[in-house]
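Note that the coordinates shown come from a computational prediction; the quantities given were computed from them, not determined experimentally. All chains are named by letter (A, B, ...) in the order of the sequence lines, taking the proteins before the strands, and each is independently numbered beginning at 1.
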Amino acid sequence: MIEKTNKKVVEENKNIKIVHDATCTFCGCVCDDMELHVDVDEKRIIKSKNACVLGRAWFAEHTIENAPAAMIDGKEVTIEEAIEEAAQTLVNAKFPITYGLSDTTSEAQRQAVAITDYIKGNIDTTTSVCHGPSGLAFQGVGESTSTLGEVKNRADLVIYWGGNPAESHPRHFGRYAVTPKGMFTPNGKKDRTVVLVDVRKTKSAGVADILITPKPGKDFEVLWALRALVKGVKLSSDIEKETGVPLEILTDLAKRMKECRFGVLFFGMGLTMTRGRHFNSGALLALATDLNEYTHFVAKPVRGHGNVTGADNVVAWQTGYPFGVNFSRGYPRFNPGEFTTVDTLSNGDADAALIVASDPGSNFPKKAIEHLKNIPVITLDTKTTDTTKLSHVAFKTSTYGINTSGTVYRMDDVSITLRPAFESPFPDDEKILKSIKKRVHELILKNSHSGGASGEAKVAAAVNPL
Amino acid sequence: MSNKMMLIPGRSSKQGTSLNQGKLKEEYQTVTSTLEMNKDDMEKMGLVDGDKVKLSNEIGETIVSCLGKKPEDLSEGMLFIPYGPPSSQLMASDTAGSGMPLSKHMMVEVEKVKN
Amino acid sequence: MSASMRIVNGQVYDPKNNIDGEVKEICVEDGKIVDSVSDEATIIDAKGMVIMAGGVDIHCHIAGPKVNLARKLTPEARRHDPHPSTPFTRSGSGGTTPSTFAAGYRYATLGYTTAMEAAVSPIGARHVLEEFEDTPIIDKGFYVLLGNNIFLHNLIREKRIEEFDQAVAWWVNATKAYTVKLVNPGGDEPWKGKRNSNVSNIDEKSDDDTLSPRQIIEAFIKTVNKQGYPHPPHIHCNNLGHSGNYITTLETMKTAGDLRAHIAHIQFHSYGGEVGKNPISKAAEIAEYVNNHPNITCDVGQVMFGDSTIMTADAPLAYVLKGHSKGKWVNADTECESGCGILPFAYQEHIYVHTLQWAIGLELFLLSEDPWRIVLSTDHPNGGSFMAYPKLIKLLMDEKFRREEMKRVNQKALLNCSLPELKREYTLSEIAIITRAGPARALGLETKGHLGVGADADITIYDLMDDKELMFSTPRYVIKSGNTMIANHEFKTDSKGKVYHITPDYDNKIEESLKPFFEDYYSIEFSNYPVDDRYLHQHEIIKTKTS
C-alpha cells in the first residue's frame with residue numbers, strides 16, 4: 001500500500017496520464033486492453049500494462065524525435081511546399097503507384113485510394129507480399145472463418161500452420177486461441193488440443209501438444225493428403241518419403257479434425273511465401289471447408305501489420321478488389337502479378353511512388369529496390385527508413401494509436417477505434433493525404449481544362465448548375 | 001569449399017522489438033544480419049558463433065554473421081535469418097503472376113569469409 | 001444550402017398526398033419541398049415527364065463486413081462491369097456487389113435516394129458506418145442483428161424481461177442502428193456449436209436449450225413495439241428457402257398478434273410442399289394473411305434471373321445452397337452474436353425451383369390488396385441486383401411482357417402457382433407506393449417517399465415511356481436534398497447522404513450486467529465496443545416513443 005502511494009507521488013510529480021483500453025497496433029492481434037502510463041511532459045509512454053514484448057517496444061520507442069516534418073531531396077521544407085511538390089509529382093507521372101498502408105488508419109487509407117483514383121494510378125498494399133496469395137486463394141475457394149472471440153469461446157482443436165506466433169504475435173496464444181477460458185472452453189488450454197505444423201522447431205513449439213515438421217516446400221502435399229484422408233481416401237505410406245510426415249501422424253490428425261467440436265486452422269507466411277503460394281493457402285482453406293461436412297471448422301490467416309486488414313477492407317470497398325488495383329483506364333482493374341508492387345517496380349513500370357507507412361526500400365527484392373531508387377518517391381513515415389532516405393519528398397507523420405485516433409481492423413475484420421496517448425507535433429497520415437488529395441484534384445481539373453475540348457466540356461459541366 | 005543450403009527468412013521477437021527503435025539503428029542491423037545455422041553444419045565448415053559467412057545465389061550476395069542452433073531446432077542444411085536488408089539481397093523479383101516473390105526457402109551458397 | 005427550384009409541367013405521382021398523375025408545380029428550397037419559391041428559382045420544365053419522390057429501398061445489402069467479404073470473394077463478378085470516374089464522381093466496380101461509390105451512384109441513376117442495409121452484426125456496425133461515408137448521394141441506415149445474441153437469449157430464457165428491454169435499447173444505441181433485425185432466430189447455436197445443424201421448427205427447443213425461436217421473436221416484437229421504434233423488428237423467418245416453410249412464416253406473423261412486425265423477403269418464405277422435395281407456391285395463403293393484418297408489412301425479395309450473390313446471416317442456409325452450387329463458399333462466425341454465409345449464385349429460367357421462386361414473388365405482388373404494406377425488393381443481391389428493379393417494375397406494370405417472359409421459364413413450375421391466371425397490372429401510382437411512399441411509411445420516415453410541403457426534396461423525374469423498364473432505368477433528373485445530382489442523364493455533382501438512426505432510452509444500469517459478460521466472452525474490451533458519434537458524420541435521429 002505504502003509502495004503504491006509513494007509511486008503515485010512520484011507519478012504525480014511527473015504528470016502522468018493513464019489511458020485505459022488503448023490499442024496496440026504493432027501486429028494484427030490489435031490487442032485493445034492496453035493500460036498506458038503516459039508522461040505528459042516528456043511526451044512518452046513509460047509503461048504499457050498488458051502489452052507483450054513487441055507491444056512494449058512499440059509504445060516505449062515511439063517518442064517525439066527532433067526531425068523535420070517535411071523534406072524535399074533531404075532538405076527541410078514547409079509542409080505546404082512538400083504537399084505541392086508531392087501533388088505535382090503524382091499528377092505529372094504516367095504510371096504513379098501508391099503502396100504500403102498497413103500501418104495507418106483506415107481514414108488515411110481511404111484518402112490514399114482517393115488520390116490514386118484521381119491520378120489514375122496504381123494502388124497496392126503490403127498484403128501483396130504477405131497474405132496476398134491467401135487473398136487469391138480466397139477468391140478461388142472461399143473461406144470458413146470466425147472472429148477471434150469465437151475461437152476463444154469454442155475451439156477445442158487449434159492448429160497453427162507455417163507461422164510462429166510466439167515471436168510474431170506473442171499474445172495470440174494467451175488472449176485468443178490457446179489458453180483463454182471461454183464459454184464452451186471453461187478450462188482454457190485443458191479443453192484444447194494444439195497442433196503446430198512448421199518446417200523448423202520454432203519458439204511456438206512450446207504450446208503444441210502435437211508437433212509436425214514437413215519437409216520444406218511440401219505443405220501443399222501434406223494439406224492435400226489430409227483432404228484425402230478426411231474424405232476417407234486410402235493413402236500409401238509413401239507419403240512420408242514425399243512430405244517427411246508419417247502416414248500415421250496424418251491419419252491421426254485427420255481423425256482429430258473430423259471429431260473435434262470446433263476446429264480452427266491458423267496459417268502464416270510459411271504457406272504464402274514458399275513454393276506453391278496461393279495453392280498452399282487454397283489447399284488449407286479447402287481442407288477447412290471440407291471439414292464442415294463433419295463438424296464446425298474455420299480457418300484464418302494470421303495477419304502481420306496492425307491495420308493490414310483495414311487496407312484490404314478499404315481498398316475492397318472503394319474499388320471492389322482487395323489489392324493490386326490499377327485505375328489507368330479511369331476505373332479499377334485487378335490483376336495480381338501485374339498491378340502488385342513488386343511487379344510494377346521490378347518490371348520498371350512505375351515512374352513515381354507514394355509510399356505510406358511502409359519500407360519497401362529495405363525489404364523488397366533487390367531489383368525492385370533498384371527501380372525505386374530511380375524514380376521520384378514520396379513517403380509518409382513515423383521513422384527514418386531506407387525508403388524515406390531515398391525519397392524525393394518525405395513527410396514525418398505521427399504514430400497511429402499513440403498520437404492519433406482513427407480506426408483499425410484486427411486480423412479477423414473486427415474494427416476498433418484507437419485511443420491516443422499523447423499529441424505529436426507532426427501531422428497524421430490522414431491530414432497529409434487529404435491535403436495532397438485536394439491539391440491533386442485541383443490540378444487534374446485544371447489540366448483537363450487546358451487539355452483539349454473534351455476536358456473543357458467536362459469542367460464547364462462541373463461549374464454550370466443544370 | 002562451399003555448401004548449398006536452404007535459407008528461411010522470417011520474423012523474430014528481437015527483430016520486432018528492434019525495428020521499433022528504428023530500422024537504421026544498430027540493433028536492427030545486427031539482428032537482421034545474424035544467421036541461424038545448424039551446429040553440425042557449422043562445425044563441418046569450421047565456423048564458430050560470430051564468424052562471418054557469405055550467402056549468395058543467382059540474385060545477389062550478402063555477408064552475415066552466424067549463430068549455432070541445436071539440430072533438433074534447425075535441421076541440417078537449413079538456415080534462418082530475420083527479414084531485413086540482407087535477406088532482400090537474395091530475393092528474386094519474379095512473382096509468377098501472384099504479386100508475391102518467393103521470400104522463404106531460397107537455395108543459397110554458404111561460404112566462410114576469411115578475415 | 002441548395003438553390004431554390006421550381007419543377008413545372010410534370011405529371012406528379014405522390015400517393016401519400018393523393019396526387020395521381022396531375023400536372024402540378026413542385027417547389028424546392030433549402031433541400032425541402034415548399035409551397036412556393038421566388039421568381040429567381042431555377043426552372044425545370046418536366047413536360048411529358050413523370051415526377052415521383054426519390055425511391056426508398058427498405059431491404060438491401062450494400063455495406064459492411066459481409067458485403068466486403070463478397071466483394072473480395074468475387075472479382076469475376078465485377079471485372080466486366082466497371083464504373084468509370086467523372087470529373088466529380090469517383091470510380092468503382094459493379095456486378096451484384098458493387099463497390100461503395102458505384103452502389104451510391106447506381107442507386108441514384110435509378111432514382112433511388114434512400115437505402116437501408118438490412119443485416120449488420122453489432123460488432124460490424126463501425127465498419128458499416130465507415131462504408132456509408134464512402135457511399136455517395138443516398139441516405140441510409142441499417143438494422144442490427146440481435147436475434148442470435150447469446151446475452152439477450154440468456155435474459156429471455158431467465159425471463160428478465162425488464163433487463164431485456166434495456167439491453168436491446170443499449171445495443172441499438174451502441175451501434176447507431178435504425179431497428180433490430182432477426183435472422184433465423186435460434187439457429188446460430190446449433191450451427192456453431194452442434195456440428196453445423198439448424199433449427200427447423202419455430203417451437204423447437206433443442207435438448208440443452210430451453211428457448212424456442214418463437215420465444216425470441218415474441219420478446220423482440222414486444223420490446224420494440226413497447227419502445228415505439230419507427231420501424232418494427234425486421235424479421236427473416238426460420239426455414240428460409242425450405243419447402244413447406246410457409247407454415248413457419250404464418251406462425252411467425254401470428255406470434256406478432258396485432259403488434260407491428262416487418263417480414264423480410266417474404267417470397268423466400270412462401271413455399272409449400274415437403275422438406276427436401278420440390279416446393280409449390282403458397283403465395284395465396286401468405287398474401288391472404290398479410291392482406292387481413294394491417295400490423296404486418298413485408299418486402300418481397302423478388303428473384304430475378306441471372307447472377308446474384310447469396311449473403312446472409314443465415315449461415316446454415318448458405319451451406320445448403322453451397323451443396324447446390326458446388327462452388328466457393330464463405331462462412332463467417334461472429335462471436336456471441338451472429339453468423340454469416342456468402343456464395344455466388346445464379347437463378348436460371350430452366351430450373352424448376354428458380355422459376356417457382358420468380359413466380360411466387362410476382363404472385364405476392366399481384367395478390368396483395370394493400371400496396372402500402374408490400375415493398376418492392378430483390379433482397380439485393382440475394383434475389384438479384386437492385387439494378388433489376390426497372391425490369392421488375394415492367395413485369396408488374398405490363399401483363400403482355402409478363403406473359404412473354406413466362407414462355408421462357410420452366411413450365412412445370414408455372415403449373416404449381418397461380419401466376420398464369422393473374423391479369424393485374426400495377427399503375428404508376430401503385431409503383432410509386434411500393435417503391436417510395438410505402439417503404440417510407442413502413443420505416444416511419446415522414447420526410448421521405450412523398451412530395452408534400454416539408455418533405456425532403458428527393459425527387460426523380462422520368463420521361464414517360466411505354467417501355468417501363470427503360471423509363472425506370474433512365475430518369476432524366478435526380479434531385480437529392482434539393483441538389484440536382486443528375487440532369488439529362490449525366491452526373492452534375494457529388495454529395496454525401498446522411499445516416500438515419502434511433503436512440504431509444506435505456507437505463508445505464510444494464511451495463512453492470514453487460515460488462516462482465518463482455519469480459520468473459522468477447523475478444524474486444526467493453527469500452528471499445530460501442531460506436532462513437534464521429535462515425536455518423538451527417539446524420540438524423542428519428543424519434544422513438546422513448547427517446
S.K.: Which heavy atom in M183(A) sits nearest to a heavy atom in C336(C), and how many Å separate them?
M.R.: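 That closest heavy-atom pairing would be CE-SG, 4.1 Å.
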
S.K.: To check you understand the geometry: which heavy-atom pair defines the closest contact between T295(A) and N196(C), and what is its length?
M.R.: O-ND2, 3.2 Å

S.K.: Decide yes or no on side-chain hydrogen bond (donor to acceptor under 3.5 Å, both in side chains) for Y409(A) and E130(C), but give the supporting numbers first.
M.R.: CA-CA 12 Å; Y409(A) 288 73; E130(C) 282 218 290; 2.7 Å; yes

S.K.: Verify side-chain contact (heavy atoms from CB on, under 4.5 Å) between K120(A) and S85(C), making sure each step is shown before the conclusion.
M.R.: CA-CA 10 Å; K120(A) 296 185 169 34; S85(C) 58; 3.8 Å; yes

S.K.: Who among V298(A), T319(A), V30(A), L148(A) has the most heavy-atom pairs with chain C under 4.5 Å?
M.R.: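 When all of V298(A), T319(A), V30(A), L148(A) are compared, T319(A) has the most.
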
S.K.: With respect to chain A, which residue among R79(C), R195(C), K328(C), E76(C) yields the maximal number of heavy-atom pairs within a distance under 4.5 Å?
M.R.: R195(C)

S.K.: Rounded at 0.5 Å granularity, tell me how far CG in L129(C) sits from OG in S415(A).
M.R.: 9.0 Å

S.K.: Could you go step by step and tell me if S144(A) and W329(C) meet the side-chain contact (heavy atoms from CB on, under 4.5 Å) rule?
M.R.: CA-CA 8 Å; S144(A) 174; W329(C) 162 74; 4.0 Å; yes

S.K.: Any Lys/Arg nitrogen of K72(C) or D312(A) sitting under 4.0 Å from an Asp/Glu carboxylate oxygen of the other?
M.R.: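 No, no charged N to carboxylate O under 4.0 Å.
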
S.K.: Between R410(A) and S523(C), which heavy-atom pair has the shortest distance, and what is it?
M.R.: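 It is NH2-OG, 2.6 Å.
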
S.K.: Taking CZ in R534(C) as the centre, count heavy atoms belonging to other residues, nucleotides or ligands within less than 6.0 Å. Is the count above 12?
M.R.: yes

S.K.: Got Y118(A) and R90(C) here, is their nearest side-chain heavy-atom distance under 4.5 Å?
M.R.: yes

S.K.: Does the side-chain contact (heavy atoms from CB on, under 4.5 Å) test come out yes or no for Q139(A) and L73(C), once each step is laid out?
M.R.: CA-CA 5 Å; Q139(A) 294 171 350; L73(C) 180 70; 5.9 Å; no

S.K.: Heavy-atom pairs under 4.5 Å with chain C: which of V325(A), T145(A), V314(A), V151(A) has the most?
M.R.: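 Most heavy-atom pairs within the cutoff with chain C belong to T145(A).
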
S.K.: Check for a donor-acceptor pair, side chain of H296(A) on one end and backbone N or O of K194(C) on the other, with a separation under 3.5 Å.
M.R.: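 No; zero donor-acceptor contacts below 3.5 Å.
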
S.K.: Less than 4.0 angstrom from a charged side-chain N to a carboxylate O is my criterion; do K152(A) and E335(C) meet it?
M.R.: no

S.K.: Specify the closest pair of heavy atoms between G182(A) and Y521(C), including all atoms of both residues, with the distance to one decimal.
M.R.: C-CE2, 3.9 Å

S.K.: Does any non-hydrogen side-chain atom of S91(C) lie less than 4.5 Å from one of P332(A)?
M.R.: yes

S.K.: Output the option from I416(A), N313(A), D413(A), V414(A) having the highest count of non-hydrogen pairs under 4.5 Å with chain C.
M.R.: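 So the answer, after comparing I416(A), N313(A), D413(A), V414(A), is N313(A).
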
S.K.: Pick from D117(A), D412(A), L285(A), V141(A): which one has the most heavy-atom pairs with chain C under 4.5 Å?
M.R.: D117(A)

S.K.: Heavy-atom pairs under 4.5 Å with chain A - which of V330(C), L343(C), N488(C) has more of them than the others?
M.R.: V330(C)

S.K.: Quick one: closest heavy-atom pair of S93(C) and G320(A), and the distance?
M.R.: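 Smallest heavy-atom distance, with atoms named: OG-CA, 3.5 Å.
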
S.K.: Would you compute the distance between atom CG of N528(C) and atom CG of D32(A) and round it to the nearest 0.5 angstrom?
M.R.: 4.5 Å

S.K.: Specify which of T23(A), T289(A), N292(A) makes the most heavy-atom pairs with chain C at under 4.5 Å.
M.R.: N292(A)

S.K.: Show your reasoning for whether side-chain hydrogen bond (donor to acceptor under 3.5 Å, both in side chains) applies to Y535(C) and T407(A).
M.R.: CA-CA 10 Å; Y535(C) 289 92; T407(A) 314; 2.5 Å; yes

S.K.: So, Y331(A) versus H83(C), ring centres under 6.0 angstrom or not?
M.R.: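 No, too far apart.
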
S.K.: Any ion pair linking E525(C) and R419(A) (charged N to carboxylate O, less than 4.0 Å)?
M.R.: no

